[in-house]
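Keep in mind the model is a prediction, meaning the values are calculated, not measured.
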Amino acid sequence: MFDVFLNHRGPDVKGSFAAHLHQALQEAGCRPFLDKPDLEKGQSGQKEIYEALQCASVHVAIFSKHYADSDYRLDELCAMLESKKPIIPVFYDVSPSVLRCEDPDGPYTKALNIHGRRSASEVKKWKDALHTAAELNGFKLDDYNGDEAQLKTAIVSKVRDHLRASQLPPVAPYQVGLKETSKELIETLNQMEKDVGILSLVGMGGIGKTTLAKEIYRCFQKNDTFEKTSFLMDVRESAILDLQKRLARHLFKEDVKDTEEFNKCFNRVMDHKVLIVIDDVDHKHQFDQLIPDINKLCPGSRIIITSRDSNVVNNIMGKNENCKYLRHKMALLSTTDSRHLFNLHAFHSTDAIDRFQELAKNVADACCGFPLALEVIGCFLFDKREECDFNGTWPQTIKTLIKEKGILKKLKVSYDGLSPEASMMFLDIACFMIGQREHIAMQIFEACTSDYKGPAASFSSLKDKCLVKLDEDRIIMHHLLRDMGRQVVENESSYMEKGTPSRLWDPNMVPRVLQNKEGTNQVRGLSTFGIGHDGVCANNVAENYEGMGRLHFLLLNGVNVKGDFSNWSRELSWLQWINSDLLALPSKLKLQNLAVLDLTSNKELMQIWPNDLEITCKDLRTLILSKCEALEELPKDIGKLLKLNELNLAFCSSLKALPHSIFQLKELKHLDLSSCSELRCLPASIVYLSQLKTFRLQQCRKLEFLPVEFGKLQSLVELDLSYCSQLRCLPDSIVNLSQLKTLRLLGCDKLENLP
């Protein structure tokens with residue numbers, strides 16, 4: 001089977017450029033089809049060529065001077081366009097204007113005139129296909145100053161991007177009604193042609209706005225319609241500067257420090273046809289700060305907005321003669337689609353199993369057409385098929401769904417069916433862990449030994465019931481499910497001691513609880529994120545955190561706590577203390593149960609623990625010290641952290657060396673030293689980190705060499721040495737890294753040779 005089809009005219013390029021591109025694609029791990037050399041003995045030719053064209057995920061059309069002389073090549077081009085698969089045009093020794101037949105004496109014009117003996121409809125079809133191909137984003141040999149090697153490298157990179165895109169998973173496991181709606185909207189957007197088009201998707205939470213936006217975005221990505229793309233999730237929940245930074249990285253691969261830099265960067269958007277999705281907008285100023293000047297967007301660009309508020313969208317969708325606007329109001333699913341979607345989640349079939357058919361109809365109808373409710377309730381009932389479920393769980397679920405009119409209360413049906421441990425985990429995630437990496441969350445839960453006996457099983461249960469999902473390795477949860485979980489926590493406060501809920505995340509409540517010392521032993525977690533200036537004083541007093549003896553999660557952001565720490569909880573499994581003036585962790589802080597310690601962006605931090613303090617957190621799994629710019633060294637006895645799995649020292653720009661004892665970290669799997677700009681060498685003992693899998697050293701600009709026995713890191717899978725600009729050589733032993741899959745050496749300008 002082939003994944004790349006090379007459409008070309010043999011006499012022009014087969015013995016030269018096409019053959020070289022074919023070889024380069026093979027070396028890159030692709031399976032390209034060139035022509036007869038790829039046919040098996042006994043195959044006739046043209047039929048097999050068309051089969052290869054149909055099965056390929058990406059098509060490359062090499063337009064040479066006499067390409068249009070071949071009616072076979074023109075037929076192939078038509079078939080490629082009809083397949084709707086990505087086409088990469090390569091204008092080898094012709095310009096796009098030649099394909100448009102603008103010159104009456106041009107080679108394509110003459111060839112089509114000769115073909116005029118064929119039927120007029122066939123010639124018109126070829127002309128239309130050539131004109132369409134001329135409008136596609138492609139590669140021109142002239143842009144590479146005639147350097148075929150550079151052109152070949154760029155094409156291979158683009159092909160690999162397309163192959164990755166073609167393997168994108170569907171945005172939803174069951175796409176009831178999704179493809180039809182997305183196809184209709186995409187067709188309307190395409191009809192806007194060279195105008196800037198803005199699509200708004202408006203509707204209540206849980207109705208499927210983000211899912212529809214993802215499907216449209218995915219379709220455009222697969223077809224390579226735009227030069228640059230960006231999908232900005234959760235705008236309502238994000239700081240504007242963070243969104244601007246993400247947009248600059250997505251579109252231009254640039255890091256911006258502030259809004260002024262972003263605005264300068266945005267000026268370059270006029271050079272590229274872009275697709276930008278701005279998800280969950282609730283204020284017009286969010287759009288204005290992400291798209292500061294809509295008139296600077298390149299013709300043909302598209303913006304997609306999702307919002308719950310039609311007034312916000314109406315304010316954004318103003319009158320601009322350079323733009324075309326498309327408003328789409330999201331509708332609840334029809335009765336038929338609702339039942340199909342519910343059955344797919346509850347029975348993995350569009351039809352319910354015998355006996356449950358009437359019950360399934362009633363459950364689906366009671367979900368009132370909300371896709372999220374149909375998914376969550378369907379997953380909840382998936383394994384409820386016993387006699388007791390038929391007579392108990394299903395009828396009770398129907399009764400509750402009919403009684404509860406609000407979407408949050410309907411979703412709570414699934415939460416109410418969880419085990420005590422799974423329900424506790426759901427609330428912990430809803431309040432504190434959305435966006436956290438899965439393996440770090442599991443380290444935290446595993447450290448809470450009094451509460452979690454089988455955290456892996458509980459997390460699996462939450463995933464099975466679609467209450468949490470994973471985006472790559474990060475935990476995500478729908479806003480409505482998060483709100484439902486937090487509502488459960490708020491409601492429980494009425495019967496809690498002092499009226500204090502078990503989890504404190506609300507920036508309006510936390511300062512009051514601390515100021516009045518209302519914390520109790522029932523509090524599991526506390527976060528100061530989002531607290532304004534008025535609440536800072538209460539946050540800064542250590543004694544205000546007393547009384548919470550069973551506190552497991554403490555997230556401090558931008559607070560400089562002073563005072564007596566001796567009575568802080570000894571049950572902490574996760575301490576995140578970031579963006580403060582911390583010089584070192586307080587000596588009286590007892591962290592013997594700690595699994596994850598995050599001290600990111602403490603600019604004044606010079607040591608983790610005071611010099612005379614022995615390391616007590618012997619069960620620590622993850623230590624994050626990124627952007628601690630004053631940190632010059634690690635504790636000499638860091639080797640005592642025998643269970644440490646991950647050590648992140650990225651952007652510790654003053655770090656000069658690592659201690660010899662680091663070799664004792666036998667469980668260490670991930671070590672990040674990227675942008676440690678003062679690091680000159682690594683200790684020889686580092687080669688004894690037998691479990692190390694990823695080692696990041698990019699932009700360690702003073703690193704001159706690696707230890708001679710570096711090849712002893714037998715578990716190493718990824719090694720990044722990008723922009724180690726003083727690195728002169730790699731040790732011969734590096735060839736012994738038998739598990740290595742990725743080696744990055746970009747920007748190692750002084751590297752003289754390889755082993």
*After noting the C-alpha distance and the side-chain angles of Leu247 and Phe262, does the key distance pass the side chain to side chain contact (heavy atoms under 4.5 Å, CB included) rule?*
CA-CA 9 Å; Leu247 187 55; Phe262 171 77; 3.8 Å; yes

*Which is it for Leu668 and Asn645 under the side chain to side chain contact (heavy atoms under 4.5 Å, CB included) test, yes or no, and what are the steps along the way?*
CA-CA 4 Å; Leu668 194 67; Asn645 183 272; 5.9 Å; no

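For the pair Val541 and Leu514, the minimum side-chain heavy-atom distance is 4.5 Å or more. Leu692 is listed as a side-chain neighbour of Leu671, based on a closest heavy-atom distance under 4.5 Å. Between Gln221 and Thr229, some side-chain heavy-atom pair lies under the 4.5 Å cut-off. Counting only heavy atoms from C-beta outward, the side chains of Lys245 and Asp255 never approach each other to under 4.5 Å. Residues Ile476 and Leu470 are not in side-chain contact: their nearest non-hydrogen atoms beyond the backbone lie 4.5 Å or more apart. Residues Leu554 and Trp574 form no side-chain contact, since every pair of their non-hydrogen atoms from C-beta on lies 4.5 Å or further apart. In this structure, the side chains of Leu730 and Leu721 come closer than 4.5 Å at one or more pairs of heavy atoms. Side-chain atoms of Met484 and Leu481, non-hydrogen and from C-beta on, do get closer than 4.5 Å to each other.
Heavy-atom minimum distance, Pro731 versus Leu706: CD-CB, 3.9 Å. Pairing each heavy atom of Leu641 with each of Trp609, the nearest pair is CD1-CH2, 4.4 Å. The minimum heavy-atom distance between Phe459 and Glu438, with the atom names listed, is CE2-OE2, 3.4 Å. The minimum heavy-atom distance between Ser661 and Lys636, with the atom names listed, is OG-O, 2.6 Å. Of all heavy-atom pairs spanning Cys681 and Leu703, the tightest one is CA-CD1, 3.7 Å. When every heavy atom of Asp598 is checked against every heavy atom of Gln576, the shortest pair comes out as OD2-NE2, 3.1 Å.
Summarising the geometry, atom CD belonging to Glu604 is positioned 6.5 Å from atom CG belonging to Leu583; distances are rounded to the nearest 0.5 Å. Separating the CG atom in Leu740 from the NZ atom in Lys693 is a distance of 12.0 Å, to the nearest 0.5 Å. For the atom pair Ser690 OG and Gln714 CD, the distance stands at 10.5 Å (nearest 0.5 Å). Note that the CG atom of Leu644 and the NZ atom of Lys618 stand 13.5 Å from one another [nearest 0.5 Å]. Atoms CG and CZ, from Asp749 and Arg728 in turn, are 11.5 Å apart once rounded to the nearest 0.5 Å. To the nearest 0.5 Å, the span separating CG on Leu620 from CG on Leu591 amounts to 9.0 Å.
Checked against ring pair (Phe, Tyr, Trp, His ring centres under 6.0 Å), Phe565 has the following partners two or more places apart in sequence or in another chain: Trp568. In this view, Phe663 and His660 satisfy the ring pair (Phe, Tyr, Trp, His ring centres under 6.0 Å) rule, not counting sequence neighbours. For Tyr452, the ring pair (Phe, Tyr, Trp, His ring centres under 6.0 Å) partners at least two apart in sequence or on another chain are Phe445.
Salt bridge Glu704/Lys750: absent, no basic N to carboxylate O contact under 4.0 Å. In summary, Arg524 and Asp428 engage in a salt bridge, as defined by a charged side-chain N under 4.0 Å from a carboxylate O. With salt bridges taken as basic N to acidic carboxylate O contacts below 4.0 Å, none links Arg486 and Asp506. For the pair Lys264 and Glu261, the salt-bridge criterion is not met [side-chain N within less than 4.0 Å of a carboxylate O]. Ionic pairing of Lys643 and Asp619 is present here: one or more N-O contacts between side-chain nitrogen and carboxylate oxygen are shorter than 4.0 angstrom. Between Arg437 and Glu472 no salt bridge is recorded (no basic side-chain N to carboxylate O distance below 4.0 Å).
A donor-acceptor pair is defined here as one N or O able to donate and one able to accept, closer than 3.5 Å; such a pair exists between the side chain of Asn602 and the backbone of Trp577. Proximity of a side-chain donor or acceptor of Ser675 to a complementary backbone N or O of Phe651 within less than 3.5 Å is not detected. Between the side chain of His552 and the main chain of Glu571, a donor-acceptor pair closer than 3.5 Å is present. For the pair Asn560 (side chain) and Ser580 (backbone), a donor-acceptor distance under 3.5 Å is absent. Between the side chain of Ser527 and the main chain of Trp505, no donor-acceptor pair closer than 3.5 Å is present. The closest donor-acceptor contact from the side chain of Ser733 to the backbone of Gly711 lies under 3.5 Å. Formation of a donor-acceptor pair under 3.5 Å by the Ser461 side chain with backbone atoms of Ala457 is not found in this model. Judged by distance alone, the side chain of Asn648 and the main-chain N or O of Ala650 form a donor-acceptor pair under 3.5 Å. The main-chain N or O of Asp564 is found under 3.5 Å from a side-chain atom of Glu543 such that the two form a donor-acceptor pair. Ser573 places no side-chain N or O within 3.5 Å of a backbone atom of Ala447 that could act as its donor or acceptor partner.
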Indicate every side-chain donor-acceptor pair of residues 232-240 with a distance under 3.5 Å to a residue at least two apart or in another chain.
unit_1	atom_1	unit_2	atom_2	d
Asp234	OD1	His479	NE2	2.9
Arg236	NE	Asp280	OD1	3.4
Arg236	NE	Asp280	OD2	3.0
Arg236	NH2	Asp280	OD2	3.3
Glu237	OE1	Arg482	NH1	3.3
Glu237	OE2	Arg482	NH1	3.2
Glu237	OE2	Arg482	NH2	3.4
Ser238	OG	Asp234	O	2.7

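Applying the salt bridge (charged side-chain N to carboxylate O under 4.0 Å, His left out) test to pairs two or more places apart or on separate chains, those with a residue in residues 678-691 are Glu678-Lys702. For residues 681-727, no residue pair satisfies the ring pair (Phe, Tyr, Trp, His ring centres under 6.0 Å) rule, not counting sequence neighbours.
Within 6.0 Å of NZ in Lys228 there are more than 12 heavy atoms belonging to other residues, nucleotides or ligands. Counting non-hydrogen atoms of other residues, nucleotides and ligands closer than 6.0 Å to NZ of Lys656 gives a total above 12.
Counted by atom type alone, Gln699 and Arg701 present one or more donor-acceptor pairs between their side chains at under 3.5 Å. Between the side chains of Glu421 and Ser458, at least one donor-acceptor pair of N or O atoms lies under 3.5 Å. Side-chain contact check for Asn557 and Asn579: at least one donor-acceptor pair (N or O, by modelled atom type) lies under 3.5 Å. Side-chain contact of Lys666 with Gln691: a donor-acceptor pair under 3.5 Å is absent, judged by distance alone. At a cut-off of 3.5 Å, with distance as the only test, a side-chain donor of His670 or Thr694 sits close to an acceptor on the other residue. Defined by atom type and a distance below 3.5 Å, a donor-acceptor pair is present between the side-chain atoms of Thr210 and Asp279. With 3.5 Å as the limit, one finds no donor-acceptor pair spanning the side chains of Arg550 and Thr520.
When the options Asp672, Leu679, Leu634 are evaluated for a side chain to side chain contact (heavy atoms under 4.5 Å, CB included) with Leu649, the one that passes is Leu634.
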